[in-house]
Structures are given as structure tokens and as C-alpha cells.
J.: 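Below you will find the structure I want to go over with you.
What you see below is based on every heavy atom in this structure, not just the backbone, and it leaves out hydrogens, waters and symmetry mates.
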Amino acid sequence: MPDPADDLVQRAAHFGTHAHQRIDQRRKYTHQPYQVHLKAVAELVATVTDDPVVRAAAWLHDVVEDTPATLDDLREAFGEAVARLVAELTDVSRPGDGNRAERKALDRDHLAQASPAAKTVKLADLIDNARDICNHDRRFCRTFLVEMAALLGVLGDGDPGLCAQARKLWQRQAERIGLDRRLLEAQEGEAPRAVVVHGSRRVPRLFVEAFTAEEIAEPLPSFDAAQPAAVTRAALGAGTVAGVRRGGHIDGYVLAEDLQAGACGDHARPFHAGQLLAADAPLADVIHVLTRHEHGFVEVFGQVAGVVTRDDIQKPVVRMWLFGIITLTEMTLTELIRARFAGDSWSGHLSESRLHKAGALHAERTRVGQACTLLDCLQLGDKARIALEDPELVALFGFESRGAAKRVIRELESLRNHLAHAQDIVTHHWAQIARLAQRISEQAA
């Protein structure tokens with residue numbers, strides 16, 4: 001007579017396999033049938049529990065999210081216990097709930113309330129996904145590990161063995177790509193630290209590493225060294241730079257303006273070490289190179305494949321990054337003022353008109369149910385005026401003098417205005433951009 005427990009697991013395996021097969025779902029990188037992932041998760045779960053309900057849920061953990069099957073279908077086929085576990089493992093966020101980070105936060109909060117059994121299945125799912133993603137997609141691996149660290153922070157009451165295995169895998173992969181291992185510690189209740197003040201490292205390092213050269217680089221066209229210069233110039237069109245190939249390898253570059261006569265290779269310029277960037281080089285490094293050279297060149301697998309110029313600093317991803325740095329700076333300034341002054345005692349450093357404007361904003365935010373203080377409603381310039389009146393705050397913020405702090409804050413306000421209105425930020429703000437990049441890098445070092 002067949003064992004009912006084995007029958008439940010076998011039926012779940014059959015159901016899960018065929019549900020994903022019907023939509024021809026495959027693994028993203030290997031293109032293997034999706035049941036390869038289901039089997040891997042189920043086998044990991046089977047190493048730590050004999051509970052047929054949990055093992056069945058492992059085979060079914062993605063069917064509601066990815067296939068036409070519903071929780072009602074699972075409830076009818078496998079009973080309430082299995083359906084409940086799968087419900088705990090199914091994301092609750094919707095596309096309209098915000099960006100990826102906001103949706104992931106909602107799903108993480110949902111998972112935090114799940115049973116230890118569901119968290120055990122999720123740990124197995126994380127382990128198999130981490131292996132697949134980090135072995136095949138170095139770029140997305142960084143994003144995935146950041147999200148995985150946050151998830152591990154709420155999965156602590158899953159199976160201890162799988163939890164330890166997941167943590168070791170995370171640490172190994174984080175070390176491989178240079179991700180700060182303290183990110184995982186931050187999910188375990190460690191007290192948060194300031195984000196830009198000297199001595200604060202976790203958030204700046206993550207912020208520095210999240211935006212890279214490959215996200216803004218343009219492909220570098222290349223031509224054989226023997227090709228006539230005039231032909232190369234015509235082929236470049238609007239482009240101003242191209243790689244020069246010798247023996248199939250790009251070993252230099254030419255500018256369109258130099259291609260007047262002779263062969264392409266006659267005008268080749270060598271790559272200087274200071275111009276070369278890894279694909280995953282942070283944007284701060286890109287800006288550092290472009291402060292010194294007109295062109296930076298991006299290497300992929302040892303071959304120059306992309307080019308960056310100051311024009312690329314106008315791209316949305318860089319503008320978003322710079323706006324984020326300014327926001328981090330303002331948040332730090334707010335916390336320093338809050339720590340330095342009791343209550344609203346800082347208000348004596350502002351004019352009545354500035355206080356009135358902040359008070360009106362505070363009243364409106366309170367009316368619509370936003371939790372905030374009067375300090376939160378000040379503009380960056382207002383907060384700067386308060387800080388500049390206190391020598392200790394000026395020093396805590398890392399400035400050499402009140403004059404230096406005043407100049408930097410004024411530049412930050414101007415840059416933020418240009419960012420907010422999609423105006424040119426390179427022509428008038430390059431020096432400020434370079435200083436911001438250097439500052440955020442120093443904080444993360």
C-alpha cells in the first residue's frame with residue numbers, strides 16, 4: 001500500500017512540474033526546464049525535514065506566482081496546510097506598489113510574518129537562486145545579494161542548517177564581487193550609523209558600488225589598423241573616437257579629427273592606465289578618470305569594449321546617483337542638527353519668514369497624516385544655515401572651515417536644482433560633481 005506522505009510529495013512534484021511546463025517556463029541563464037529549480041529546492045528541503053506538507057510546498061512554491069494555478073486549485077488538490085504554506089511563500093506586491101525596492105520591502109514584510117516551515121522553503125529557494133544568479137550574472141548578482149541580505153534578516157527562524165548554509169553562500173559570493181560583508185550584519189539588528197559623516201561606511205559603500213561604468217558606457221566601434229584613415233573617418237559618422245585593432249585585439253584608439261590621411265593605425269593613441277575602467281567600476285571612479293582625461297575606456301574580459309565621456313554624466317542613472325548623494329548629505333545634516341539641539345532650539349538661527357514657510361509645510365504634512373517634525377520640513381539651505389552657526393557641527397560634517405562648508409552647501413543647492421529640472425549639469429557643475437564623487441568614495445573607503 002503506497003505511503004500517503006510519499007504520495008502527497010509525488011503529486012505535488014507532478015503538479016508543479018506540469019504547471020510550469022504548460023507555460024514553457026525555463027531558467028533564465030541555463031534555459032533548463034523550470035522543474036530543475038523546483039527539484040533543487042525540494043531536495044534541499046528534504047535534507048532538513050521529513051514533513052510531507054513542507055516538502056510538497058517546496059515543489060509548489062512558485063506555481064501561484066508564475067502559472068495560472070491559484071491557491072484555490074492547490075487547496076482542492078493538496079489541502080489547506082499545503083495551500084497555506086504556498087500562500088506564505090507567494091509575493092503580495094503589485095506593479096503599482098512602487099519601484100523594485102518598495103515592492104521587495106512589501107514582500108519581505110509579508111515573509112517576515114510567515115511560519116518557520118515557509119521560511120525553511122524560502123531559504124532553500126534563496127540558496128538555489130543565489131547559486132544560479134551569481135554564477136551567471138555578475139551584474140545582477142550584486143543587486144540580488146543586497147536583496148538576499150535583507151531577506152536573511154527575516155528568515156532567522158527557518159531551519160538553522162539551511163540558514164547557516166545560506167549565510168555562508170552569501171558571504172562567499174559577496175567576497176567574490178567585493179560587496180561589503182557588513183551589509184549582512186546590518187540586517188541582524190546592528191544599530192544604524194550616519195550615512196555620510198566620517199566613520200560611516202555601510203551605506204556609502206553600497207551606494208558607491210551599486211552604480212557602475214557599464215551602465216553608462218557606449219559601445220566602442222573598432223577598425224583594423226590597416227584600414228584607410230578616410231574610410232574610418234566616414235564610417236565613424238557622428239562618433240568622435242574608435243578603437244584600433246591589430247591582430248584582432250584593440251590596443252589603442254583614434255579620434256575622428258585626426259583621421260586625415262594614411263592608415264587608421266598611423267593615428268593610434270595608446271590607452272593609458274589612468275583611462276581604463278573595469279565594467280563594474282563605480283561611477284566615482286568614472287568621474288575620477290574623466291576629470292583627468294577626455295575619454296575613459298571600459299574593459300570587459302580584458303578587452304576594451306566601451307567608452308565614456310563627460311556627456312555620459314548627463315544620463316539618467318548618473319543624475320539619479322548624484323541626487324541620491326545630495327539626499328544622503330541632507331539626511332546626515334538633519335540628524336546632526338537633531339542630535340546637537342534640544343527640541344526646536346535650533347529655530348533661533350533662522351529668520352521668521354523661513355520658520356513660517358517650514359511651519360506651513362509641517363502643518364500640511366500633518367494634515368494628510370505624515371509623521372514629521374518641523375526640522376524635517378526645512379530646506380537644505382535652512383539646515384545649512386543652522387549648521388554653519390555651530391563650529392562643532394561644521395567639524396563633524398567634515399569641513400575645514402565655515403567658509404568651505406558654506407561654499408559646498410551653496411554648490412549642492414545649485415546642482416540639485418539643475419538635476420531636478422533636467423538641466424545641463426556638466427558644463428557648470430563639473431567641479432562640484434568631482435568633489436561629491438571623491439567625498440562619497442572617501443566615506444566608503
J.: Side chains of W59 and F15, heavy atoms from C-beta outward: is any pair under 4.5 Å?
T.: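 Not in contact.
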J.: Assess whether atom CD of Q303 is packed by more than 12 heavy atoms of other residues, nucleotides or ligands within 6.0 Å.
T.: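 Yes - once you tally the heavy atoms of other residues, nucleotides and ligands closer than 6.0 Å, there are more than 12.
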J.: Within the structure provided, determine whether L145 and C134 are in side-chain contact (heavy-atom separation under 4.5 Å).
T.: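 L145 reaches C134 side chain to side chain.
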J.: Do D132 and Y29 pair up side chain to side chain, a donor and an acceptor below 3.5 Å, judged on atom types alone?
T.: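 The answer is no; no qualifying pair exists.
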J.: Work out which heavy atom in A210 is nearest to a heavy atom in E215; give both atom names and the distance.
T.: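 Shortest heavy-atom separation between A210 and E215 comes out as O-OE2, 3.4 Å.
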J.: Are the charged groups of R310 and D312 less than 4.0 angstrom apart, N to O?
T.: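 Here R310 does not pair with D312 in a salt bridge, since their nearest N and O are not under 4.0 Å apart.
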J.: Keeping the roles fixed (side chain from D159, backbone from L162), state whether a donor-acceptor pair exists under 3.5 Å.
T.: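 It does hold such a pair.
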J.: Look at the side chain of D376 and the backbone N and O of T373, then say whether any donor-acceptor pair between them is shorter than 3.5 Å.
T.: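 Yes, because the side chain of D376 sits within donor-acceptor range (under 3.5 Å) of the backbone of T373.
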J.: Measure the CG-CG distance between L126 and L155 for me, rounded to the nearest 0.5 Å.
T.: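 With rounding to 0.5 Å, CG (L126) is 6.0 Å from CG (L155).
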J.: Taking everything shown except K168 itself, do over 12 heavy atoms lie less than 6.0 Å from its NZ?
T.: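 Open: at most 12 neighbouring heavy atoms sit under 6.0 Å from NZ of K168.
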J.: Under 3.5 Å, side-chain donor or acceptor atoms of residues 41-48 against the rest of the protein: list the pairs with distances, not counting sequence neighbours.
T.:
from: T47; atom 1: OG1; to: L44; atom 2: O; distance (Å): 2.5

J.: Would a distance-only check, ignoring hydrogens and angles, find a side-chain to backbone donor-acceptor pair under 3.5 Å from D285 to A281?
T.: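 Such a contact is absent between D285 side chain and A281 backbone.
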J.: Determine yes or no for a side-chain-to-main-chain donor-acceptor pair under 3.5 angstrom, with R245 supplying the side chain and S222 the backbone.
T.: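 Present.
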J.: Under 3.5 Å, is there a donor-acceptor pair between the side chain of Q35 and the main chain of G16?
T.: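 Pair absent, no side-chain N/O of Q35 close to backbone of G16.
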J.: For the pair R416 and E330, evaluate salt bridge (charged side-chain N to carboxylate O under 4.0 Å, His left out) and give the outcome as yes or no after the intermediate values.
T.: CA-CA 11 Å; R416 187 170 68 174; E330 182 172 1; 2.7 Å; yes
J.: Tell me whether E147 is salt-bridged to R108, with the criterion being a basic N under 4.0 Å from an acidic carboxylate O.
T.: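 Between R108 and E147 there is no salt bridge, as every charged N stays at least 4.0 Å from the carboxylate O atoms.
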J.: Kindly indicate whether the side chain of Q379, heavy atoms from C-beta on, has any atom under 4.5 Å from the side chain of K357.
T.: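 Contact flag for Q379/K357 side chains = yes.
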J.: What is the distance from atom CD of Q275 to atom OH of Y253, rounded to the nearest 0.5 Å?
T.: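 Q275 CD to Y253 OH: 4.0 Å, rounded to 0.5 Å.
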J.: In the structure I gave you, are the side-chain heavy atoms of L415 and F323 within less than 4.5 Å of one another anywhere?
T.: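 They are not in contact (no side-chain heavy atoms under 4.5 Å apart), so the answer is no.
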J.: Show, in sequence, the C-alpha distance, side-chain angles and deciding distance for C141 and I177, and conclude whether the side-chain contact (heavy atoms from CB on, under 4.5 Å) test is met.
T.: CA-CA 8 Å; C141 174; I177 66 171; 4.1 Å; yes
J.: Considering all heavy atoms of both residues, which atom of H429 and which atom of S414 are nearest to each other, and what is their separation?
T.: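 Between these two residues, the closest heavy atoms are CE1-OG, 2.9 Å.
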J.: Side-chain contact, heavy-atom cut-off 4.5 Å: T329 with L333?
T.: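 They are not in side-chain contact.
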J.: So does L378 get a backbone contact from the side chain of H362, meaning a donor-acceptor N/O pair under 3.5 Å?
T.: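 Flag not set: sc H362 to bb L378 has no pair under 3.5 Å.
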J.: Within 45 degrees of the axis of the six-membered ring of W346 and under 6.0 Å from its centre: does R340 put its NZ or CZ there?
T.: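 Relative to the ring axis of W346, which defines the angle, R340 lies outside at least one limit.
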J.: Could you tell me if the side chain of V244 sits less than 4.5 Å from the side chain of R246, heavy atoms only?
T.: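 Yes, at least one pair of side-chain atoms sits under 4.5 Å.
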J.: Roughly how far, to the nearest 0.5 Å, is the CG atom of D91 from the CG atom of L106?
T.: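 Here the rounded value is 10.0 Å.
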J.: Check this for me, if you would: do E335 and K383 make a salt bridge, where the nitrogen-to-carboxylate-oxygen distance has to be below 4.0 angstrom?
T.: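 No, E335 and K383 are not salt-bridged.
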J.: Taking all heavy atoms of V298 and all of A217, pick out the closest pair and write down the distance.
T.: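 Minimum heavy-atom separation between V298 and A217: CG2-CB, 3.8 Å.
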J.: Identify whether the distance between the nearest side-chain nitrogen and carboxylate oxygen of D280 and R138 falls below 4.0 Å.
T.: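 Yes.
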J.: What class does the angle between the rings of F211 and W321 fall in, given that below 30° is parallel, 30 to 60° is tilted and above 60° is perpendicular?
T.: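 If you compare the ring of F211 with that of W321, the planes turn out tilted.
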J.: Thinking salt bridges, do K104 and D107 make one under a 4.0 Å N-O criterion?
T.: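 Not counted as a salt bridge, because no side-chain N and carboxylate O are separated by less than 4.0 Å.
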J.: Quick one, I326 with L436, criterion side-chain contact (heavy atoms from CB on, under 4.5 Å). Give me CA distance, side-chain angles, the key distance, then yes/no.
T.: CA-CA 8 Å; I326 296 172; L436 274 178; 4.2 Å; yes
J.: Excluding sequence neighbours, so at least two apart, what forms ring-ring contact (aromatic ring centres under 6.0 Å, His included) with H37?
T.: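 Here the qualifying residues are Y34, H61.
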J.: Whether E88 and K122 form a salt bridge (side-chain N of Lys/Arg under 4.0 Å from carboxylate O of Asp/Glu) is what I want to check.
T.: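 The answer is no: the pair does not qualify as a salt bridge.
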J.: Between the side chains of T232 and Q227, does any donor sit under 3.5 Å from an acceptor?
T.: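 Present: a donor and an acceptor within the cut-off.
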J.: Please report the interatomic distance CD1(I386) to CZ(R354), rounded to the nearest 0.5 Å.
T.: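 Rounded to the nearest 0.5 Å, the CD1-CZ separation comes out at 10.5 Å.
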J.: So does D125 pair up with K119, basic N to acidic O under 4.0 Å?
T.: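 No, this pair does not count.
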J.: Are the side chains of H136 and T30 in touch, meaning some heavy atoms are under 4.5 Å apart?
T.: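 Yes, side chains in contact.
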J.: Just wondering, more than 12 heavy atoms not from H293 lying within 6.0 Å of its NE2?
T.: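 Yes - once you tally the heavy atoms of other residues, nucleotides and ligands closer than 6.0 Å, there are more than 12.
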J.: So how far is it from K315 NZ to L283 CG, rounded to the nearest 0.5 Å?
T.: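 If I round to the nearest 0.5 Å, the distance is 11.0 Å.
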J.: Applying side-chain contact (heavy atoms from CB on, under 4.5 Å), run through I287 and W430 and close with a yes or a no.
T.: CA-CA 9 Å; I287 290 169; W430 184 258; 4.0 Å; yes
J.: Using 30° and 60° as the class boundaries, would you call the ring planes of H295 and F297 parallel, tilted or perpendicular?
T.: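 Rings of H295 and F297: parallel, as their planes differ by under 30°.
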J.: How far does CG of D382 sit from CG of L355, to the nearest 0.5 angstrom?
T.: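 One finds 8.0 Å between CG of D382 and CG of L355.
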J.: Does the pair R233 and Q260 meet the rule for a side-chain contact (heavy atoms from CB on, under 4.5 Å), with working shown?
T.: CA-CA 8 Å; R233 183 184 178 95; Q260 302 298 332; 3.3 Å; yes
J.: Is the backbone of D258 close enough, under 3.5 Å, to the side chain of H267 for a donor and an acceptor to pair up by distance?
T.: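 Flag set: sc H267 to bb D258 pair under 3.5 Å.
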J.: For salt bridge (charged side-chain N to carboxylate O under 4.0 Å, His left out), just list the numbers for D137 and R142, CA-CA rounded to whole Å, side-chain angles, deciding distance to a tenth of an Å, and then say yes or no.
T.: CA-CA 9 Å; D137 192 340; R142 186 176 299 275; over 6 Å; no
J.: What closest approach, in Å, do V304 and I250 show between heavy atoms, and which atom pair accounts for it?
T.: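 Distance-wise, the nearest heavy atoms are O-CD1, 3.4 Å.
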J.: Pick out which of T212, L290, V308 makes a side-chain contact (heavy atoms from CB on, under 4.5 Å) with L277.
T.: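 The option that passes is V308.
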J.: Would you mind reporting whether D109 and V154 have side-chain heavy atoms less than 4.5 Å apart?
T.: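 In short, these two side chains do not touch, never coming nearer than 4.5 Å.
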J.: Between the side chain of D224 and the main-chain N/O of A226, is any donor-acceptor distance below 3.5 Å?
T.: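 Pair absent, no side-chain N/O of D224 close to backbone of A226.
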J.: For G302 and H249, which heavy atoms make the closest approach, and how far apart are they?
T.: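 Looking at all heavy atoms of both residues, the closest pair is O-CE1, 4.1 Å.
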J.: Can you tell me if R319 uses its side chain to pair, donor with acceptor, with the backbone of I425 under 3.5 Å?
T.: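 Not a single qualifying donor-acceptor pair exists.
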J.: Which pair of heavy atoms, one from L236 and one from A256, lies closest together, and at what distance?
T.: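 Distance-wise, the nearest heavy atoms are CD1-CB, 3.7 Å.
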